[in-house]
Structure formats: C-alpha cells, structure tokens
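Atoms within each ligand, like the ligands themselves, are counted from 1 in listed order. Position 1 is the first residue of the sequence; numbering continues from there.
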Amino acid sequence: MTRTLFLLPGDGIGPEAMAEVEKLISVMNADENAGFETATGLVGGSAYDEHGQAISEDDMARAMAADAVLFGAVGGPKWDGVPYEARPEAGLLRLRKDMELFANLRPAICYPALADSSSLKRDVVEGLDILIVRELTGGVYFGEPKDIIDLGNGQKRGIDTQVYDTFEIERISGVAFELARTRSNKVCSMEKRNVMKSGVLWNEVVTATHKARYSDVELTHMLADAGGMQLVRWPKQFDVIVTDNLFGDMLSDVAAMLTGSLGMLPSASLGAPNPRSGKRKALYEPVHGSAPDIAGRGIANPIAMIASFAMCLRYSFEMVAEADRLEKAIAGVLDDGLRTADLMSPGMTEVGTAAMGDAVVAKYRALAA
Ligand code: IPM
Ligand code: MG
C-alpha cells in the first residue's frame, strides 16, 4: 500500500521543522512498512525566488493529486516588496481555496508538562483540551471586492468584503457538531452579530443546523470579542469553538498561547469527502509562522509540525493507533524535561530542533516495543 505525501516546507523555520517529520516518515516506512511516498515542492517566498509566484502550477497539481499535503510555513521580511498577488501567503491561500479545504481544525491541548510554560496561571490551562474549528475558504479572506482604489482626491480606499453563504455556514457547523460528538459534545459558535450582517446569518444558520440535525449537542453562542476574553479568562469552559475565517485566525493564535507556546499548535485543513472514494483532500500545517528571526539557527520547536503529522495519520490515513502513539511520544519527551528555547524554564534541558525531533522519534519507537 502506498500513501502519497506532498511536502511543502516553505520558508523560515518551515524546512527545519519539516526535516523532523521526514525522520519520522523514514522510521515508519522502515519499521512499520507504512508505505509513505514523499515528494517535495516549493511554496511561499522560496517559490517566488524560483518561479516568480508563490506556488507553481506544477506544485499545485501535485498538491491536488497527493493523499495529503504537509505544509511548513511561509513568509519573511525578504519578500516584503513583492507584488501582492505573489506574496508568500498567496501560496497558502491558493492551496486552501483550490483544494476547497473549508474546515480548519486547530486543537489546543495543554500537555501536563507545559502547564507552567503558559503566560496564564497553571490552574487556568492545566488539562486544557479544546478544538477551534475555523472556516477556511470564505469570509473576508476571499470576499470580493477586495481592492485599494484611488479616490482621486489624494485619498485611497481599502476594501475587503466579509461574505458568507448559507451552505458555507452549514457545512462548517456540521463539521463542528460531528467532532463535538466524539469529544465533550459542546459547541460554542462565535461571530459578531451585533455589528455584522454576516454574523446575523452565521448565528441563524448554526442555530438551524443544530435544530435540524444535531440537537443532542449542547450549543451556545458568543460574540467573538467576548469569546476572546473568555478564552484567556477560563478556557476550560469550551469544548469545540466554531467560527469564521478571520475570527478563527485570531482566536487560534490566542488559544496557542494557552498551550505554552505558539510552537505547540498543529492544524488540519480538510475538504469535503469525495462522494466516490470517501477521501478528503487535506493539508496539515503548524499554526506558527515562519519565524524569520530564529530561522536557520536550529532552535525552532518542531512539535507543532510533528503534531500536525499526527493529525495527518489520524484524518487522512485512519492510522489512529500510530497517531495516538506519536502524541504520546510528544508528551513523553516533554515529561522527560526536554524543551526547545520557546518553552525553556529553570531545571529543564534545553535542546535544539534536531535533538527534539530525534527524541520524539526515539520515544515513538520505544512506545512500539
Ligand atoms: C494562519 C496564518 C495564515 C492566515 C497566513 C499565513 C495567511 O496566520 O494559518 O493562521 O491568516 O490564515
Ligand atoms: Mg494565523
């Protein structure tokens, strides 16, 4: 059995983090006959340098054809001056849009060993396990018109358009309700219905979807600003949060810090199941960015990237036992006191990117025994 993975390490710390996942892939192929076949492409600034665009047509086609895409990070000051259409982020947005990856799952789990690394108090974050379900192919990221127009009087006008259709809200809330049923059976929907028409519709459609198909799940609604406040006040009140593209972007960065470091948060971006094969298009990426300030120094935390691969095992390949084992391996190395610089605290052992990756691989193998 072959399982095809298309790797897009990208820019900054992306390639360093991806290298640690590649170690795991080799070990799984050798030890477990996992049958992963990998190919690597360019995205972001590195693609721009090579092709003059943030992802080439060739690499787009390879991403579309793979069983799953593993994505590192894009962007950096080096590409500040490139045309807007070719900026590094455009590669990621095109992948999301063309692959129709409308459901972005961002679990925020506070590993026991890291409860003191968060900027919040231990009792606030200890044992935290929440899931942000972010709509990923609509809203203000993609709405038209999107432009800067010259008003001719020395003034310009910047325009972005927040737009959501019923079906988009229905399908993302369906994903949130389904996932809630496998967890603590609670969904909190966040929007700004007090100022935005799209928020009014969002609220209506989530409520109707719940009533029609998921009334067994506990549903609450919160204004997104209040939701941000509640996320840092008492995050354990949440199980699944469902929200739009822009609010989901912001709230998931907030949630990342609850877990100790932005370097800890993985994500899965999923499309609808193919009606014939049942398979979903999927892309897995850490929530952290390219961190150009520390790129190339071998100190980046590879855990979010590795945990994204664990999500890939779970959601693209139904390798649930392997995914569980990999997540246990991550928790294990943290329990052993290993920390990359972003997580470092007194009494712990500071390690670099490669040593952290090696430790996770070793633990993963040990757990098989
Ligand atoms: C994220 C990132 C992206 C986003 C950027 C890189 C375009 O912040 O995945 O959260 O805004 O969606
Ligand atoms: Mg973001």
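The N/O atoms of Arg106, backbone and side chain alike, include one that comes under 3.5 Å of an N/O atom in ligand 1. Polar contact check, Arg134 against ligand 1: a nitrogen or oxygen pair lies under 3.5 Å apart.
By the side chain to side chain donor-acceptor pair (under 3.5 Å) test, Glu32 pairs with Arg325, Tyr364, sequence neighbours left out. Every residue was checked against the side chain to side chain donor-acceptor pair (under 3.5 Å) condition with His51, not counting sequence neighbours, and none meets it.
A donor and an acceptor atom, one from each side chain of Thr137 and Glu135, are located under 3.5 Å apart. Between Thr340 and Asp342, the side chains place a donor N or O and an acceptor N or O closer than 3.5 Å (distance only, hydrogens not considered).
Ligand 1 has no atom lying under 4.0 Å from any heavy atom of Arg87. At a 4.0 Å cut-off, at least one heavy atom of Asp249 sits close enough to ligand 1 to count as contact.
Between Phe309 and Phe36, a ring centre-to-centre spacing shorter than 6.0 Å is recorded.
When hydrogens are left out, the protein atom nearest atom 6 (C) of ligand 1 is Glu89 CG, 3.8 Å; that is the closest non-hydrogen contact. Protein heavy atom at the shortest distance from atom 11 (O) of ligand 1 is Tyr141 OH, 2.6 Å.
Counting only protein atoms, the N, O or S atoms lying less than 2.8 Å from the Mg ion (ligand 2) are Asp249 OD1, ordered by chain and residue number.
Between Arg96, Met250, His288, it is Arg96 that holds the heavy atom closest to atom 9 (O) of ligand 1.
No more than 12 heavy atoms of other residues, nucleotides or ligands shown are found within 6.0 angstrom of CG on Asn33.
To the nearest 0.5 Å, atom CG of residue Leu136 and atom CZ of residue Arg96 are 4.5 Å apart.
Legend: ring-ring contact (aromatic ring centres under 6.0 Å, His included) pairs involving residues 185-224, not counting sequence neighbours, sorted by first then second residue: Tyr164-Trp202, Phe177-His210, Phe177-Tyr214.
Annotation: cation-pi geometry not satisfied between Lys186 and Phe238 (NZ/CZ under 6.0 angstrom from ring centroid, within 45° of ring axis).
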